[in-house]
Number of protein chains: 2
Amino acid sequence: MADKRYRIGEFSKLVGLSAYTLRYYEDQGLILSQRDDNGVRYYVAEDIRWVGFILHLKGTGMQLNDLKRYVKLRAEGDTTIAERRQLLQRVKDNAEAEIAEQQMHLKVLGHKIDWYDGKTAHTIDDSESFHDYLQRFQD
Amino acid sequence: MADKRYRIGEFSKLVGLSAYTLRYYEDQGLILSQRDDNGVRYYVAEDIRWVGFILHLKGTGMQLNDLKRYVKLRAEGDTTIAERRQLLQRVKDNAEAEIAEQQMHLKVLGHKIDWYDGKTAHTIDDSESFHDYLQRFQD
DNA sequence: AAACACCTTAGAGTGTACTCTAAGGCAAGC
DNA sequence: GCTTGCCTTAGAGTACACTCTAAGGTGTTT
């Protein structure tokens, strides 16, 4: 495996981030790239995995600031593992709380859709407001 | 029930939106308010429920634009019920897809935390990278 | 030799949803 | 009579994460 080199255009398609964003992330310290003899960026397989992991973190709602802090800690070596773990745990707890809240809101939205269906099918009395209807599901 | 009137300051605390935001939402057509003899806004119990519902929709990730469209349709009367239902269904599908994605990302984040724990407790071999470790959970 | 892909710095622009200020004014309560 | 809370319009500011342009350049491919 002669460690294939990907230039920014190819890498961009590979990871699904624009070249702009890749340079921006590099500026921000999230990504590193190597350079060939002409100063042109290139990336290797390892970088695909790293960007992939960053995208997992971003996908949980982790913000750039926290991501930067995480990357900084990582660069400081194994002594920061506990701190990194803690940071990720906080992000995880946060994300889970947000999902729980969203699901609660979705429940109401689902009831509203059902209510429309009931009205349309006349299986819900014309006089029953959505607010009254919702009361039926107080659990 | 002499329909208690809430002025914007009190209402703001009640629904958890700043007075600025309430006026902004009114500008945007999401909320209506009534006025007393001096032109001062007031809200009634029904408005609490309406704002509550709006917050449920917002909480699912529905954007202001869609919210505006929804409110506009609502104002057009019963003939738009099918369209409203469709709009809400789209929002619901979207939200559910987003949650599913977030949960997928959260899974990886969870594994990373476990991996840190394994490293710290030395139950994961020093030589095993996170990427290798992750392979164990390919389901 | 032209087209193409890349490089740089610095800064402007985009979208979303607020959030606040300025500058004027009215009405009720202490 | 002063403070407090409200009113208006219009516009500026904030936060986040990009996204793009300008204006110059290098090196490779057709």
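Remember, predicted model here, so these are calculated numbers, not experimental data. Chain A is the first sequence line, chain B the second, and so forth, proteins listed ahead of strands; every chain is numbered from 1.
Atoms OH (B:Y42) and P (D:dC7) sit 13 Å apart, rounded to a whole Å. When the C1' atom of D:dT14 is taken as reference, atom OH of B:Y24 falls 13 Å away, rounded to whole Å. If you take CG of A:L22 and P of C:dA5, they are 16 Å apart, rounded to a whole angstrom. Going from atom OH of B:Y6 over to atom C1' of D:dC6 covers 19 Å, rounded to whole Å. As a whole-Å value, the separation of A:R23 CZ from D:dA17 C1' is 17 Å. Taking atom CZ of A:R35 as the reference point, atom P of D:dT26 lies 17 Å away to the nearest angstrom. Counting to the nearest Å, the P atom of D:dT29 and the CZ atom of A:R7 are 9 Å from each other. Residue B:E26 contributes atom CD, which lies 17 Å from atom P of C:dT19 at whole-angstrom precision.
Of the candidate nucleotides D:dT8, C:dT8, C:dT19, C:dT8 has the atom lying nearest to any side-chain atom of A:R41. The nucleotide whose nearest atom lies closest to any side-chain atom of A:L64 is, among C:dA17, D:dA17, C:dT19, D:dA17. Between D:dT19, C:dC7, C:dA17, one nucleotide has an atom nearer to the side chain of B:Q63 than all others, and that is C:dA17. Picking from C:dT19, D:dC20, D:dC18 the nucleotide with the shortest atom distance to the side chain of B:Y20 gives C:dT19.
Centroid-to-centroid, the aromatic rings of A:F11 and A:Y43 come within less than 6.0 Å.
Comparing B:K58 and B:N38 against DNA chain C, the residue whose closest nucleotide sits nearer the 5' end is B:K58. In terms of position on DNA chain D, the residue among A:N65 and B:I8 whose nearest nucleotide sits closer to the 5' end is B:I8.
Note on residues 87-110 of chain A: pairs passing ring pair (Phe, Tyr, Trp, His ring centres under 6.0 Å), not counting sequence neighbours, are A:H105-B:H56.
The number of heavy-atom neighbours closer than 6.0 Å to CD of A:E101, taken from other residues, nucleotides and ligands shown, is 12 or below. The environment of A:D78 atom CG is sparse: at most 12 non-hydrogen atoms of other residues, nucleotides or ligands sit within 6.0 angstrom.
Here B:Y25 lies in heavy-atom contact (under 4.0 Å) with sugar-phosphate atoms only.
B:S18 has no side-chain polar atom (N or O) that falls below the 4.0 Å cut-off from OP1 or OP2 of C:dC18.
With sequence neighbours left out, the ring pair (Phe, Tyr, Trp, His ring centres under 6.0 Å) criterion links A:F53 to B:F130.
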